[in-house]
Every structure is written in structure tokens, then in C-alpha cells.
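Below, all heavy atoms of this structure are taken into account, side chains as well, without hydrogens, waters or symmetry copies. Chain letters run A, B, ... following the sequence lines, proteins first, then strands; residues in each count from 1.
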Protein chains: 2
Amino acid sequence: MGTATIRDVAKQARVSLKTVSRVINHEGSVREETRDRVMRAIEQLDYRPDLSARSLRSAKSYAIGLVYDNPNPYYIIAVQQGALAACREMGFGLQIHPCDSSGPRLAEELRDLAHRSRLAGLVLAPPMSERMGLLRELAAFNIPLVRIISAAGDPHDGFPCVFVDDRDAAYAITAYLIQLGHVRIGFLWGGKQHRSSPERYKGYEKALEDYGVPRSDELILEGDYSFDDGFRGARRLLGLAEPPTAIFGSNDEIAAGVLAAARAAGLHVPYDLSVAGFEDSPFSRHSWPSLTTSRQRTEEIAEHAARLLIAQIHGGDVENEGFSPELVVRGSTAPPRPRP
Amino acid sequence: MGTATIRDVAKQARVSLKTVSRVINHEGSVREETRDRVMRAIEQLDYRPDLSARSLRSAKSYAIGLVYDNPNPYYIIAVQQGALAACREMGFGLQIHPCDSSGPRLAEELRDLAHRSRLAGLVLAPPMSERMGLLRELAAFNIPLVRIISAAGDPHDGFPCVFVDDRDAAYAITAYLIQLGHVRIGFLWGGKQHRSSPERYKGYEKALEDYGVPRSDELILEGDYSFDDGFRGARRLLGLAEPPTAIFGSNDEIAAGVLAAARAAGLHVPYDLSVAGFEDSPFSRHSWPSLTTSRQRTEEIAEHAARLLIAQIHGGDVENEGFSPELVVRGSTAPPRPRP
DNA sequence: GTCATATGTGACAACGTTGTCAATTTGCAT
DNA sequence: ATGCAAATTGACAACGTTGTCACATATGAC
């Protein structure tokens, strides 16, 4: 029987329901001896509080939602892991909610989710976390939320967040390529609906500027964080009259496409072409050559976001926090081959 | 206010609580006119039933759990997607529960999970789904469950399941390699705690036997479904006096390791070496060359498992169902180079 | 028109927990 | 001992829903 209730415990320990409740919730004002007796009864009956009843009675709830719309399994799994770690530590449940970020009634959908499942708040992953309209609607519904976003610094926009400095990280990668000696560096954009895309581009642009490397429009192509875009983009770049000696893909998947296109063109990475990605997904370690990329600490970021949300729910004051990615140099980058 | 309750609806529609409840739950015995009035009130107040209260009152519950311990993000995301699709359709919630499959008190952990969160049942992914001891413990706790397992046929072991015929699929891959002309085919095992591993091996073995290709122990190495095992295993195989002309990795990750090792050894896949994987993960499409592999339809399988579980909860009779993977031929396999 | 039967509706309790508030016990200074 | 504040405990209601059962109304057969 896993069906022991607080009533059974109370009877066994010869105390009132309320006293058991107090013990469970670590409220003060319970004599040591009483608490021991209750604990023993809990142990013996293998009692576990029923979350439905608990959240029904107390206005409080014991679960948060994780909202995402992102096709990248590595990213999502990492976010889930991080959020779960925080939830388990704080005794919360986690409700995952993949959804369509372009849905017209997304705010209502999320409110219903939160209401029906009695969620105490939501962690929003990109790109939902970056749609201000959505945020305002959710705020109007009084739904606590914490965002994971891309920003070069604390946005101070009133919506709590954990922010990742993609710009800085893209700057670091670009600077590294320049220091290797590259001057024609291709850049393949990520998806337009993600704020990380322009951020990464700005980092690239800034590095070129700071190092006095001329920017060339023909080396910069749009895309959508996909392998196919990487493949097509690279093919186009490599067909230029004066092709780049290095290509920076806005994420690892794009870079994977670049690697494939390079091989298809008979080029030897990194000697004929340097390739850099962004994200440090397992792919970047498992490709050949392994990818130079930027490590994101996604799991930590998500854990922090969930922790922040729970703190906010508990009424604590929340401070935004930034995470800086870290350059990871692997085998896909090398100095350019001297021109003949 | 997302805080309308059934009481508000009742007042607005001038009916009793119970009648509203009847409308919500599609019970019969409500006059059309009354129902319309209730529906209108629900609409106006934007009422949504509270799942906590509902599952507290009715013994029934409206959520199931998805239990897994699998490091492969592609696999897990696919399983989640499938299970979620079924849950959404049936009006259920899904609680994900990654865990340590080797934990000693796993059964208790899962019972607590089910009890605390009022889960109606569990979908078990490998390898948990294959530990009979665990299954028996859970059954003793009266927890409905459906397993996703590897089996060459319906196991008829009393525990409902959706089964995947890995043996057959591995047979198909091996047979394909043999038909290309390979006679020395390396095999890299997956993890021992997954039943899919011996199943895949048996398929390999059977194909060799059927086609009269001699099995050679030196070509068969153990491993654990990891890139590193693939890399190390391939390096060892390629260092043999008479190396294989094809290597069959038990999953795509292993095959990725094989690809990397081949490249490190200066071999050209598929001309110097054919490589086959298993799983049809996105990696298999994005590697270069893309991998010949076996498509698993993981998402469908998981959806079916969840649907089966819900049917079981509703008291329906459940029939196990098998899924056969499908051979996917891509660029990593070719006839062996004629020996000099 | 009467009765039996089906259909629709509502009052009330219950699910397992916590909040409120009052009752009881304890500890300590007198 | 006595008084008084503080600590500890318990009785009871409440959260939002559904199950049970009884009542009210409509339907049909005689």
C-alpha cells in the first residue's frame, strides 16, 4: 500500500493531523520528541504527501513549467537536465511544454497550462523568451517567469532573466580566427527569430572592426540554425571568386553542414578551410575533425533560471545573472594555407 | 483572472455544481439547453478545470510518467515527443523522470513518484523496461506500466509492451553489407545493460550464418553505445593483420566514432571502409559521408506506448505491438575495394 | 387520470492536505 | 505555589472537484 495518508500517520503517532503537517513542512513549534514520533510513523507507513491535495489547499504550488520551441535535442535535453536538477533540489516538479512559438494564442495557451496544472511559474527558453509582446501578456496574467535569453549585458527590462553573452563569445571566436591569420572569414547566420543570431553577428562584426579586417558582404549569408543552411551556405561561399579561408557557423549544426560541404568539395579541414561552430554540442566533439566552438554551459544556465524562478515564487528578490561562454579550440581550425 | 472555478460557472449558468461537472466530463443526462447554457458560461468566464482538485477527488488521475535513463538526446527527445503527442490527444499530462537505472531503490523511487504526483501509470524506456526484477516490484505496487523494449517477437511475459525487432534490423544491415561483397565485417557491441545489444548482435550473427560467411571473433568487440568505444574499437579493428572491409556499429554514435577513427587512419569511407550505424539519428544524416543505418520510428513507438498505457488505465484490453526498423542506405557503405 | 419508468438535476459528503484560531501545556520569574 | 508569556498542539473549515443518492420532472402505457 502506497496509500498512507496524513491521517494514518497522525493516528499512528497519536497526534493531530495538523501536527503531522507541521512536521512535514518543517514549521517550527514542534517538540523534538513529538517530531521524532511523527517521523517514525512516517517512516513506518512509508508516507508521502500528496502533491495534488497539498497544492489544492495551499494556494502555493509545487511545480514549474519549462516552455520551449527549439528543434535542437542537445540544447533541450541540457535545459531539461538543468531545470530538473534545481527542481529536485527544491522539491518542485517540472512540467515540460514544447510548443509552437509562432502560435497566435500562445499566451492563453500558457496561462491555461499554468492554471490547469497549478504551475507556480514558467521558465522560458529562446525564442519565446525574447518576444516582448508575449512576456507582457504573461505578466498581465500574473504568471511569474524567468527567461533564458541572449544579451550582451543585463537588459534591466523588468522581466527577470538569465542572459548569455553571445556577442562576446562570437567576438572571441572571430578574434581567434583572425589571430590565426585569417582575413576572409565567412559568417553564416542563425535563425532570425532568435535574438542570439544578431548577437553572434555583432560579435563577429565587432571583432573584424577592432582588428582592422575589412568586412565583406559576400561572405555573410543568412540561414536558420540548420545543417542544410550550413551546407548550402558553405557551398556558395566556396564557389566565390575569392573564397573565405575560414567559416564561422552560428551554431554547431551549421558548422556540421559546412564540414560536409567542405568534404564534398574535396577540401581538407582545417588545412584548406577552418571551420568554427557555436554551442559545444556533442556533435562538435564527435565530428572529424572535431569543431572549434563556444561552450555554453546550458545546463547550468537552465538550473540557475529554475532556481531564480523558485526564489521569485518564494518572494525573494531576484537578480539577473549573466553567463559568458568559453572558447573551445579543437581540430577544425588552423592558420590559413599560404596563398600561392 | 484565470481563477474562475466550477462554482462561478454554476452561478452564471444558474445550475448546480454537479451539472457543470457533468457537462465538463461529457456525462450523459444533461438537457441540450442546459448544456449550452453551461458551455456559454464556461466560455465567458474562461473556466478551466483544476487538475489537482479533479485528480484529488476522483481516484483517477490525468497524468502519466515517462521514465528513462539514456544518455542519447536524440532518442530521448523523440520518445518525449511521441509520448506527449499521445498525452495531449487524450487530455493527459506527462511527467518526465530521468533516473539512474542502476539505483538500488528504483522501484521505491518510482512508486513515490507515481504516488506523490498521482500518476496513473508509467512508460518505461530501455534499459529500465528490461529489468524483470524492477517490473515485478512495480507490478507488486499496482502501478500500471507499458514498456518499450527490444525483442524479436511478442514476449508474452505478462507485462504490456511495445517491442522493436532489433535483431531483424541488424540482420538486414549485415545482409546488405554481405550483398555488397563484404566478408570481413567488424561488429561493435552496444551497452550490456540494454537488451537491444545482444539482439543486434544476434541479427549480425544470423546473417553471417545464413550467407555462409565465417564469423571471426577478432572482428567482434564489446563497447557501450558511445563515440569513444566506436573510435577505440575501430582503431583496434583497423590495426588487425587482416582488417575488416566494413564495420557495423551498434548505434549511430558508435558509427560516428568509427568514421572518426577511419579518417584519423587516412582511410576514405566508403571506398576503403564501409561503415553502418543503427538508429537514424540526425547525426547519421549530418555526418560525412552520411551513415547507412536503421530507422527506428522512435517517436511513433513512444506514442503507441503512451496510448497503450492510457488504454490500459481506462480498463481496455491491451495488445502488445511490434515495430520493425527499416534499412536506410546512405553514403557510408559501398562494395569493398578489390584486394590487390 | 394514474402509475411506473426514464431522464434530468441538485444537496451533500468526500478526496488529502494546510490555514486559522483557540485550547492546552510548558517554562520561567516571582 | 502562582501568574503570565511563550511554546506547542488540536479542532475545524476550506481548497475545487467528483461520487452517491435522493429528488424533481418528463415520458409512456394502461
Discussion item. Students often mix this up, so state it plainly: with edges at 30° and 60°, are the rings of A:Y62 and A:F92 parallel, tilted or perpendicular?
Written reply: tilted
Just checking, is any N or O donor in the side chain of [X] or [Y] under 3.5 Å from an acceptor N or O on the other one?
| X | Y | value |
| --- | --- | --- |
| A:Q296 | A:Y75 | no |
| A:Q95 | B:Q95 | no |
| B:Q80 | A:Q80 | yes |

Worksheet item: Is the count of non-hydrogen atoms from other residues, nucleotides or ligands lying under 6.0 Å from A:M90 atom CE greater than 12?
Response: yes
Worksheet entry | Exceeds 12 heavy-atom contacts within 6.0 angstrom, atom CZ of A:R88 |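 Atom CZ in A:R88 is crowded, with more than 12 foreign heavy atoms closer than 6.0 Å.
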Practice prompt. Take the C1' atoms of the five end pairs on each side of the helix from C:dG1-D:dC30 to C:dT30-D:dA1, derive the two axes, and give their angle rounded to 10 degrees.
Written response: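 Angle reported: 40°, given to the nearest ten degrees.
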Practice prompt. Have a look at B:T34 and say if it touches a base, only the backbone sugar-phosphate, or nothing, with a 4.0 Å heavy-atom cut-off.
Written response: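 Sugar-phosphate, no base atom in range.
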Discussion item. At under 4.0 Å between heavy atoms, how does the protein contact nucleotides 14-24 of chain C? Give one character per nucleotide, 5' to 3', with B, S or -.
Written reply: BBBBBBB----
Worksheet item: Under 4.0 Å: is that the gap between some side-chain N or O of A:S16 and OP1 or OP2 of D:dA11?
Response: no
Worksheet item: Is the distance between the ring centroids of A:Y74 and B:Y74 under 6.0 Å?
Response: yes
Fill in: Spacing of B:E33 atom CD relative to D:dT25 atom P, expressed in whole Å
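One finds 15 Å between P of D:dT25 and CD of B:E33, rounded.
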Worksheet entry | Candidate pair B:R136 and B:D157, rule salt bridge (Lys or Arg N to Asp or Glu O under 4.0 Å), full reasoning | CA-CA 11 Å; B:R136 271 190 291 268; B:D157 56 8; over 6 Å; no
